[in-house]
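Structure first, commentary second.
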Protein chains: 2
Amino acid sequence: MTVRERLSQAAFELFDERGFDETTVDDIAARAGTGRTTFFRAFGSKEEVVFPDHDGLLASVQARLDAARPGSEPAAVAEAARLVLLHYLAEGDLARTRYRLTRRVPALRAREIAGQRQYQRVFLGFVRPWFREGYGEGARADLRAELLADAVVTGHNHVLRQWLRGRTETPEADFDAAMTEVLGLFAPASGDPTAGIVVLRTDRDLDAVLPQLRRVLAPGASMEP
Amino acid sequence: MTVRERLSQAAFELFDERGFDETTVDDIAARAGTGRTTFFRAFGSKEEVVFPDHDGLLASVQARLDAARPGSEPAAVAEAARLVLLHYLAEGDLARTRYRLTRRVPALRAREIAGQRQYQRVFLGFVRPWFREGYGEGARADLRAELLADAVVTGHNHVLRQWLRGRTETPEADFDAAMTEVLGLFAPASGDPTAGIVVLRTDRDLDAVLPQLRRVLAPGASMEP
DNA sequence: GGGACCGATGGTACTGAGTACCATGATTGC
DNA sequence: GCAATCATGGTACTCAGTACCATCGGTCCC
């Protein structure tokens, strides 16, 4: 076990026993059998122990998006987001412990949220050019791109949260459904046959088209042609 | 000028001159002609000087939503969000200084983002029951409610940012447009005539269906098959 | 007027995170 | 065997934030 791993384990144990604020860096270092200096060389800050893989995960999302080919943007977005989900699923109990910690400690919550925003920024950087192409440049395309980048992160978080709370046994299937929903709401028209989405605003009788619409709007079946 | 105002002014001056991290609380207190203790009694933390009205603004948003009457949810959401926009517009240069600070200082950025999430939570608390009613309980309604709550905040931020950067002279009109867009994407059917918006996904020629659908989709009609 | 009370202020001392610097000991390369 | 390198740990510092206490000005009551 590396020093870093010993420190991480000691930290999570102590956070669980006493709480985050009640644990000092000295406590962690002592339990791990190292000095304080070593802790800060390994982790940079006390909070960072809780989110050790954040930067790497963010980079892998960016890499997945960078590797996307034109025309497959929706798939690239979904697959990049899936990387994050799979990472947490693989962590198992550790992810649940982190979840409990972030619910309880405002500073950790703030850091988690800031981290999520970084994902949103990465998705935005990928999605904005695509939207400008699909909708034309201007505020409308940029706003929609922001909304989609948000929605991808929120969709992911929604599913992850259900799993962290033990509310679902099928997070990956839920994820597919959520991504379909999200991409269906936002993706601009493009060469991709899965991206033919229209926003309509009217002010009259729905019943006439309802049967026809039901086919398209039906849960589960709605998004795939 | 109250002690709090003197401290605030001194702080912003120093942040501007030397930067946030390079300014100590002692510096601020000294320039304001008070003691360190008084600073912490007035502000709670160094970061809080930068976001002094956050809690009050959040409460006013909550209050506006609490006062909403059934059937006017979209208007309530838009008006509650508008409160925030108007607050920043009224601040003028102070808001721009804060914007510059939050771009430069990661800790302030994180705090700003955490604050935005609080707005999202408030909107979510308001919107979720409405969506459960409109779509039925379940993950789909909850996810869509989250997406709308996000989108309201993002729409607001989008417009505010344009103004903070000096890219628009008509933030209020932009805001109306953004809210229409956002609510149009997400709002479930309701009595409000501005809410008769349906998101539809087809794989056919859009131009062919659009006029027809435009005719038949009605406000107030349920999207539930 | 005088004394008791009270709120705001400011000072002192403490804890704990994070940084800088240096000494030491182990490992590696030659 | 020797030198260079690197991880480690120790010491000392800055600064945010907290706790506690002393002081001072005003106010209220007698």
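Throughout, a chain's letter reflects where its sequence line sits, starting with A, and its residues are numbered from 1. Computed over heavy atoms, backbone and side chain alike; hydrogens, waters and symmetry mates excluded. Quantities reported herein were computed from a predicted structural model and do not represent experimental measurements.
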Rounded to whole angstroms, how far apart are [atom1] on [X] and [atom2] on [N]?
{"X": "A:Phe20", "N": "C:dA17", "atom1": "CZ", "atom2": "P", "result": "8 Å"}
{"X": "B:Glu48", "N": "D:dG17", "atom1": "CD", "atom2": "P", "result": "10 Å"}
{"X": "B:Glu22", "N": "D:dT14", "atom1": "CD", "atom2": "P", "result": "16 Å"}
{"X": "A:Phe39", "N": "C:dT19", "atom1": "CZ", "atom2": "P", "result": "11 Å"}
{"X": "B:Lys46", "N": "C:dG18", "atom1": "NZ", "atom2": "C1'", "result": "13 Å"}
{"X": "A:Glu47", "N": "D:dA16", "atom1": "CD", "atom2": "P", "result": "16 Å"}
{"X": "B:Phe40", "N": "C:dA8", "atom1": "CZ", "atom2": "C1'", "result": "18 Å"}
{"X": "A:Arg6", "N": "D:dA7", "atom1": "CZ", "atom2": "P", "result": "15 Å"}

Polar pair under 3.5 Å, donor/acceptor by atom type, side chain [X], base [N]:
{"X": "A:Arg36", "N": "C:dG16", "answer": "no"}
{"X": "B:Arg41", "N": "C:dG7", "answer": "no"}
{"X": "A:Ser45", "N": "C:dG18", "answer": "no"}

Of B:Gly44 and A:Thr34, the one whose closest DNA chain D nucleotide lies more 5':
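With B:Gly44 and A:Thr34 compared, the 5'-side residue is A:Thr34.
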Check ion pair B:Arg98-B:Glu91 (N to O, under 4.0 angstrom)
yes
Is A:Glu13 salt-bridged to A:Arg31, going by a charged N under 4.0 Å from an acidic O?
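A:Arg31 and A:Glu13: salt-bridged.
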Quick check for you: among D:dG17, C:dA17, C:dG10, whose closest atom lies nearest to any side-chain atom of B:Thr38?
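Per side-chain heavy atoms of B:Thr38, the pick is C:dG10.
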Closest listed nucleotide, where the reference is the side chain of B:Val3 and the choices are C:dA17, D:dT8, C:dT9
C:dT9
Side chain proximity check, A:Gln162 to A:Glu169, heavy atoms < 4.5 angstrom
no
With respect to the phosphate group of C:dT9, does any side-chain polar atom (N or O) of B:Thr37 fall under 4.0 Å of OP1 or OP2?
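No, outside the criterion.
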Scan B:Thr23 against the nucleic acid and name what it touches under 4.0 Å (heavy atoms): base, sugar-phosphate only, or nothing.
sugar-phosphate
Identify the heavy atoms of A:Leu7 and A:Thr34 that sit nearest to each other, and give their distance.
CD2-OG1, 3.7 Å
Above 12 or not: heavy atoms from other molecules or residues under 6.0 Å from CD of B:Glu133?
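Open.
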